[in-house]
Number of protein chains: 2
Amino acid sequence: MGSVRDSFREYLSDHGLKTTRQREIILDEFLSSPSHLSAEELYLRLRSNHPNIGYATVYRTMKLLADSGIASERHFGDRQTRYEPNIGEEHHYHLICNGCGKIIEFENGAIEQLLLDVAGEHQFTLSHQRLELYGMCPDCKARK
Amino acid sequence: MGSVRDSFREYLSDHGLKTTRQREIILDEFLSSPSHLSAEELYLRLRSNHPNIGYATVYRTMKLLADSGIASERHFGDRQTRYEPNIGEEHHYHLICNGCGKIIEFENGAIEQLLLDVAGEHQFTLSHQRLELYGMCPDCKARK
DNA sequence: TTACAATTGAAAATGATTGTCAAGTTATCA
DNA sequence: TGATAACTTGACAATCATTTTCAATTGTAA
């Protein structure tokens with residue numbers, strides 16, 4: 001099970017970094033929270049049970065999680081950096097409601113193939129990709 | 001020609017806003033600059049010929065250009081908001097080199113159609129979309 | 001356990017962007 | 001044209017997210 005935790009520990013020790021209580025707590029909270037939280041939102045969630053964990057520590061740890069490949073940084077419309085866990089290797093994309101901020105994830109092999117083709121035409125070696133569709137979800141349209 | 005300038009004037013008057021010398025100068029500079037500049041970069045470019053145009057005015061004007069549909073806001077890896085002129089109505093996407101920062105624009109009707117399909121499946125009405133591929137360009141790969 | 005390097009929390013610093021406000025401009029309409 | 005009201009401007013302060021600093025604390029390799 002706790003393989004994510006193990007791989008984080010491994011990443012840390014491989015890089016001469018230390019496994020600390022705070023880092024493990026933050027990782028656990030991240031994994032058991034909804035996706036696409038910002039560092040601040042995570043900090044607020046942690047505060048009730050761990051009021052002694054500092055703001056900067058959450059920021060620093062999220063960056064570590066991104067560096068270690070456990071999480072990915074995302075930037076949607078707003079100003080904050082959001083994080084999502086990296087589950088498997090499939091790419092997925094986002095559909096974001098301008099009205100309520102709801103984020104729907106989707107995958108699409110045909111799109112992915114076309115993207116690879118485009119990259120190939122330009123002789124690019126892709127590292128990552130970002131695809132976001134913004135619009136109004138049915139609920140928000142109805143609410144008007 | 002100056003139809004972009006005309007449509008900006010029209011947007012302003014339709015919204016009870018005023019056509020000012022500064023706004024016209026900023027629009028001209030924006031249109032005659034490379035794409036994907038940030039407000040700050042535009043401010044720096046303007047400074048030599050128009051040292052009296054303030055920082056905040058450039059920010060405010062760029063926002064107006066985005067609101068009026070003349071420009072689009074873009075967020076790439078870095079922290080700054082960048083602007084690009086909206087040419088016609090076609091959607092285009094970006095291929096960005098992690099090595100040198102080069103940005104290549106491309107269009108692809110097949111991808112666009114698939115995106116519309118996805119939005120339709122979720123009953124979303126799309127307002128805009130964002131698609132970015134990050135990777136290494138051939139030059140940067142060779143340089144290694 | 002020791003000893004040293006990494007980490008923490010709190011607070012200050014940073015960088016991009018936005019707000020404030022007095023003074024200056026623009027557009028309208030008499 | 002000129003008065004007037006409303007919008008803008010520039011300078012600078014404020015804000016927001018994030019990063020840095022630093023003294024005190026805590027992992028960890030030996």
Side-chain angles (χ1 to χ4, degrees), chain A residues 5-6 8-27 29-30 36-68 71 73-83 101, chain B residues 5-6 8-27 29-30 36-68 71-83:
Chain A
R5 227 169 306 173
D6 290 348
F8 188 40
R9 289 212 187 91
E10 188 182 330
Y11 172 86
L12 291 173
S13 92
D14 285 355
H15 292 253
L17 306 175
K18 292 172 177 173
T19 300
T20 65
R21 198 172 35 82
Q22 290 88 330
R23 286 175 178 169
E24 305 237 284
I25 291 170
I26 293 168
L27 173 58
E29 185 69 31
F30 172 63
H36 308 116
L37 291 188
S38 63
E40 185 189 22
E41 287 164 346
L42 211 45
Y43 167 75
L44 292 175
R45 284 180 143 251
L46 285 160
R47 200 157 57 161
S48 43
N49 291 320
H50 305 280
N52 46 330
I53 292 186
Y55 212 78
T57 301
V58 177
Y59 269 94
R60 288 185 282 228
T61 303
M62 292 318 293
K63 204 149 275 295
L64 280 177
L65 291 179
D67 291 345
S68 69
E73 300 192 340
R74 293 276 169 193
H75 298 261
F76 300 111
D78 55 357
R79 199 95 72 75
Q80 299 183 110
T81 300
R82 298 179 172 284
Y83 293 86
Chain B
R5 228 171 304 173
D6 290 347
F8 188 39
R9 289 212 188 91
E10 188 182 330
Y11 172 84
L12 291 173
S13 93
D14 285 355
H15 291 255
L17 305 175
K18 291 173 177 171
T19 300
T20 66
R21 197 171 37 82
Q22 290 87 331
R23 285 174 179 168
E24 304 237 285
I25 291 170
I26 294 168
L27 172 58
E29 185 69 30
F30 171 64
H36 308 117
L37 291 188
S38 63
E40 185 191 20
E41 287 164 346
L42 211 44
Y43 167 74
L44 292 175
R45 283 180 143 252
L46 285 161
R47 201 157 57 161
S48 42
N49 291 319
H50 304 281
N52 46 331
I53 292 186
Y55 213 77
T57 300
V58 177
Y59 269 93
R60 290 184 283 228
T61 303
M62 293 319 292
K63 205 151 273 297
L64 281 177
L65 291 179
D67 291 345
S68 68
S72 290
E73 300 192 339
R74 293 278 169 192
H75 298 262
F76 300 111
D78 55 358
R79 200 94 71 74
Q80 298 184 110
T81 299
R82 298 179 172 283
Y83 293 86

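Just so it is clear: chains get the letters A, B, ... in the order the sequence lines come, proteins before strands, and each one is counted from 1.
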Q) Nearest-Å distance, OH (B/Tyr55) to P (D/dA11)? A) 14 Å
Q) What's the spacing between A/Phe76 CZ and A/Ser38 OG if we round to 0.5 Å? A) 11.5 Å
Q.
Here's a test of your reading of the structure: between A/Leu12 and A/Ala56, which maps to the more 5' nucleotide of DNA chain C?
A. A/Leu12
Q: Could you go through the side chain to side chain contact (heavy atoms under 4.5 Å, CB included) check for A/Ile26 and A/His50 one step at a time?
A: CA-CA 10 Å; A/Ile26 293 168; A/His50 305 280; over 6 Å; no
Q.
Could you tell me how far apart A/Asn52 (CG) and D/dT25 (P) are, to the nearest whole angstrom?
A. 14 Å
(Q) Can you tell me if B/Tyr59 touches the phosphate of C/dT17, counting only side-chain N or O atoms and a distance under 4.0 Å to OP1 or OP2? (A) yes
Q.
For DNA chain D, please output the secondary structure as dot-bracket, reading 5' to 3'. Pairs are Watson-Crick or G-U wobble, both atom distances under 3.5 Å; mark crossing pairs with [ ], other-strand partners with |, unpaired with a dot.
A. ||||||||||||||||||||||||||||||
Q) Of all residues at least two apart in sequence or in a different chain, which pass the salt bridge (charged side-chain N to carboxylate O under 4.0 Å, His left out) check with A/Arg74? A) A/Glu84
Q) Over how many whole Å does the gap from A/Met62 atom CE to C/dT7 atom P extend? A) 17 Å
Q. Should the pair B/Tyr11 and B/Phe8 be assigned to parallel (<30°), tilted (30 to 60°) or perpendicular (>60°) ring geometry?
A. parallel
Q: Check whether the side chain of A/Arg60 and the base of D/dT21 form a donor-acceptor pair under 3.5 Å.
A: yes
Q. Any side-chain N or O of A/Lys63 less than 4.0 Å from the OP1 or OP2 oxygen of D/dT19?
A. yes
Q: Taking B/Glu24 for its side chain and B/Arg21 for its backbone only, find out whether a donor-acceptor pair lies under 3.5 Å.
A: no
Q.
The test is salt bridge (Lys or Arg N to Asp or Glu O under 4.0 Å); show your working for B/Arg45 and B/Glu29 and say whether it passes.
A. CA-CA 8 Å; B/Arg45 283 180 143 252; B/Glu29 185 69 30; 3.1 Å; yes
**Q.** Integer-rounded Å distance: C/dG15 C1' and B/Tyr43 OH
**A.** 15 Å
Q. What does B/Thr81 touch in the nucleic acid at a heavy-atom separation under 4.0 angstrom: a base, only the sugar-phosphate, or nothing?
A. sugar-phosphate
**Q.** 5′-ward residue of the pair B/Arg79/B/Ile53 relative to DNA chain D
**A.** B/Ile53
(Q) In whole Å, I'd like the distance from the CD atom of B/Glu73 to the P atom of C/dA16. (A) 16 Å
Q) What is the distance from CD of B/Gln80 to P of C/dG15, rounded to the nearest Å? A) 11 Å
Q. Under 4.5 Å between any side-chain heavy atoms of A/Phe30 and A/Leu65, yes or no?
A. yes
(Q) At a heavy-atom distance below 4.0 Å, what parts of residues 14-26 of chain A sit against DNA chain D? (A) A/Lys18, A/Thr19
(Q) What is the distance, to the nearest angstrom, from the CZ atom on B/Phe76 to the C1' atom on C/dA16? (A) 17 Å
(Q) With nearest nucleotide decided by heavy atoms, which residue, B/Arg82 or A/Thr61, maps closer to the 5′ end of DNA chain C? (A) A/Thr61
**Q.** Donor-acceptor under 3.5 Å (A/Thr57 side chain, A/Ile53 main chain)
**A.** no
Q. Looking only at atom types and distance, does a side-chain atom of B/Arg23 sit under 3.5 Å from a main-chain N or O of B/Leu12, one as donor and one as acceptor?
A. no
Q) Whole Å only: how far is the CD atom of B/Glu41 from the P atom of C/dG15? A) 15 Å
(Q) For a 4.5 angstrom cut-off between non-hydrogen side-chain atoms, does A/Tyr83 reach A/Glu73? (A) yes
